[in-house]
Every structure is written in C-alpha cells, then in structure tokens.
Amino acid sequence: MPWAIRGLRNGILTTRYPRHPDPYADTFPARVTLQPHTETADTATLPGLCPTGAITTDRDGRLVLDQGACILCGACVRARPDLFAYQLGAETAALDRTALTVPRLPETDQAIAAVREQLDARVKALRRSVHIRHVDAGSDGAEEWEIQALLGPVYDIHRLGIFFTASPRHADILLVTGAGSHGMAAPLRRTLDGMPNPTIVIAAGTDAISGGIIAPSYAVEGGIGGLVPVDVWVPGSPPSPFSLLHAILLALGRLPAHHLNPDAPPGRPR
Ligand code: SF4
C-alpha cells in the first residue's frame with residue numbers, strides 16, 4: 001500500500017524526450033567545446049594538456065578540438081576555462097566523423113546534408129518497430145551501464161517502438177561499444193553480415209569512435225570505423241542515455257527539427 005501511494009505521489013517519471021525537451025538532459029557534461037574567440041590564444045602548450053591527443057593546432061596555430069577523441073576527463077576545462085567549456089544536453093551525435101571536430105570545417109554542413117539524404121533513403125523502410133543488436137567490441141563497461149538505463153522506466157526506449165534483440169537476424173541497428181579490439185573484428189563483421197538490409201551502424205562512445213585513452217595500442221584498432229561502416233558517431237565517455245537516444249533517433253530520421261542543431265551554448269555541469 002505505501003508503494004502505491006508513493007507511486008501516485010511521484011506521478012509519471014518517464015521522460016517525454018524527444019517530443020518535449022527534458023531539463024534533466026541539461027545536467028550532464030555531454031561534451032567539451034571551445035569557448036568563443038580562441039583564435040588568438042597562445043596554443044603552444046595546450047596539446048600537452050590532453051591525455052588522448054584530442055587537442056591539437058592547425059597549420060596556422062589555431063586551436064582544434066576533436067570531440068571524438070575526448071574522454072571528458074575535464075583537465076582542459078579545469079586548466080583553461082577561458083578556452084574550453086562543457087556542453088550540456090542530449091544532442092551530441094553526428095552523421096559524419098568530421099562534424100565532431102571544433103571548429104567545424106566550412107564544408108562539413110554540406111557533407112552532413114548529403115549523408116542525411118542517403119541515410120533517409122536507406123532507413124525509409126524502418127518506420128515501425130526497430131530492433132537493436134548491441135556488440136561490445138572491447139569496452140570498459142561504462143557504455144553498457146548507459147545502454148542498460150535505456151530499458152528502465154525513466155528512458156523507457158520501448159515507448160518509441162525500439163527494442164534490443166540478441167539475434168543479428170532480427171536487428172536493424174548495430175550498436176557498437178568499445179575501442180575495436182582485434183579479437184572482436186571478425187565477430188563484429190559477422191554480426192553485420194548476418195543482419196538484414198537496411199542496416200544502421202552506431203559507434204557509441206569515444207572509445208568506439210577513436211579508441212579513447214587506450215589507442216594506439218597493440219590490442220585495439222583505435223575505434224570501430226576501420227572494422228565496419230559507421231553511420232552515426234556518438235561522443236562521450238560514456239555518452240548519456242539521452243545522447244544514445246538522440247543518436248538512435250537521428251539515425252532513424254525521427255527527430256523533430258529543433259533537435260537537429262547540436263550547437264548548444266556552453267554551460268556548467270551539475
Ligand atoms: S576533457 Fe577531453 S579534450 Fe579536455 S583534456 Fe580531457 S580528454 Fe582532452
């Protein structure tokens with residue numbers, strides 16, 4: 001009886017994202033970005049700040065940040081808050097690997113539009129229920145916790161007609177975590193080959209995108225991009241359940257238009 005009363009008092013806790021924005025999503029440091037006006041910064045010592053090489057400089061000495069290599073350790077934000085900031089929210093996934101580089105190249109928007117068009121044509125058939133096969137290709141387990149949360153009452157991915165399956169034969173989406181260990185190269189390829197067309201491949205987390213802190217190494221590829229063709233890249237170490245949800249819906253072309261511009265203003269994590 002007390003549980004029934006508590007349930008009635010709490011009401012419905014399941015998020016209404018993406019139909020409605022969820023303020024809870026804005027409490028996660030989803031990725032790191034550059035503050036405005038970093039062009040004139042003295043960049044000589046900055047690459048040494050980053051343990052994964054996500055911070056570099058271009059030919060003209062301007063700061064470049066690869067969000068696909070960032071493990072969100074926060075070292076740069078703590079050391080140089082005038083140059084780096086956390087970005088909050090769910091919209092972190094990209095349809096093109098180059099779109100994870102800040103500042104974005106001028107041609108990136110065109111490339112993304114072309115990829116969006118091709119992907120839309122491929123996934124046209126996936127209008128009803130969609131099934132996901134998750135493969136751990138050398139993960140440290142962090143992403144798996146977030147994926148598990150998608151099945152709970154807060155995110156409740158089933159409300160969107162999206163389910164996980166153990167069989168590649170029933171799967172539409174291949175969700176891959178981990179840095180792409182050599183031992184998982186063949187099983188990953190076999191899983192993709194066993195899926196019916198059309199297939200979507202999502203690289204979930206910084207490790208799956210670039211290998212994170214353990215690449216380069218004798219044991220991993222440095223991301224799964226060299227093992228299978230990736231359609232959607234989700235940075236984060238790990239990405240939040242909101243970011244994973246955003247990536248899946250982005251792949252399926254099911255996001256309302258206001259969720260498609262990921263360039264949210266920098267903010268502070270909870
Ligand atoms: S937060 Fe990301 S970019 Fe900054 S130092 Fe850590 S890994 Fe590098």
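Order of appearance sets the numbers: ligands from 1, and atoms from 1 within every ligand.
Nearest residue to atom 3 (S) of ligand 1 from L72, I71, L65 is L65 (criterion: closest heavy atom).
Atom 6 (Fe) of ligand 1 lies under 2.8 Å from an N, O or S atom belonging to C73. The nearest N, O or S atom of C70 is not closer to atom 4 (Fe) of ligand 1 than 2.8 Å.
Checking side-chain atoms of T206 against main-chain N and O of I71 turns up no donor-acceptor pair under 3.5 Å. One N or O on the side chain of T43 and one on the backbone of G61 form a donor-acceptor pair closer than 3.5 Å. Between the side chain of D140 and the main chain of A142, a donor-acceptor pair closer than 3.5 Å is present. Of the possible donor and acceptor atoms, none in the side chain of R31 sits under 3.5 Å from a partner among the backbone N and O of G236.
Scanning all protein heavy atoms for the shortest distance to atom 8 (Fe) of ligand 1 gives C50 SG, 2.3 Å. Among protein heavy atoms, atom 1 (S) of ligand 1 sits closest to G74 N, 3.2 Å. Looking only at protein heavy atoms, the nearest one to atom 4 (Fe) of ligand 1 is C76 SG, 2.2 Å.
Results of the side chain to side chain donor-acceptor pair (under 3.5 Å) test with R122 over N197, D231, T199 single out D231 as the only residue that passes.
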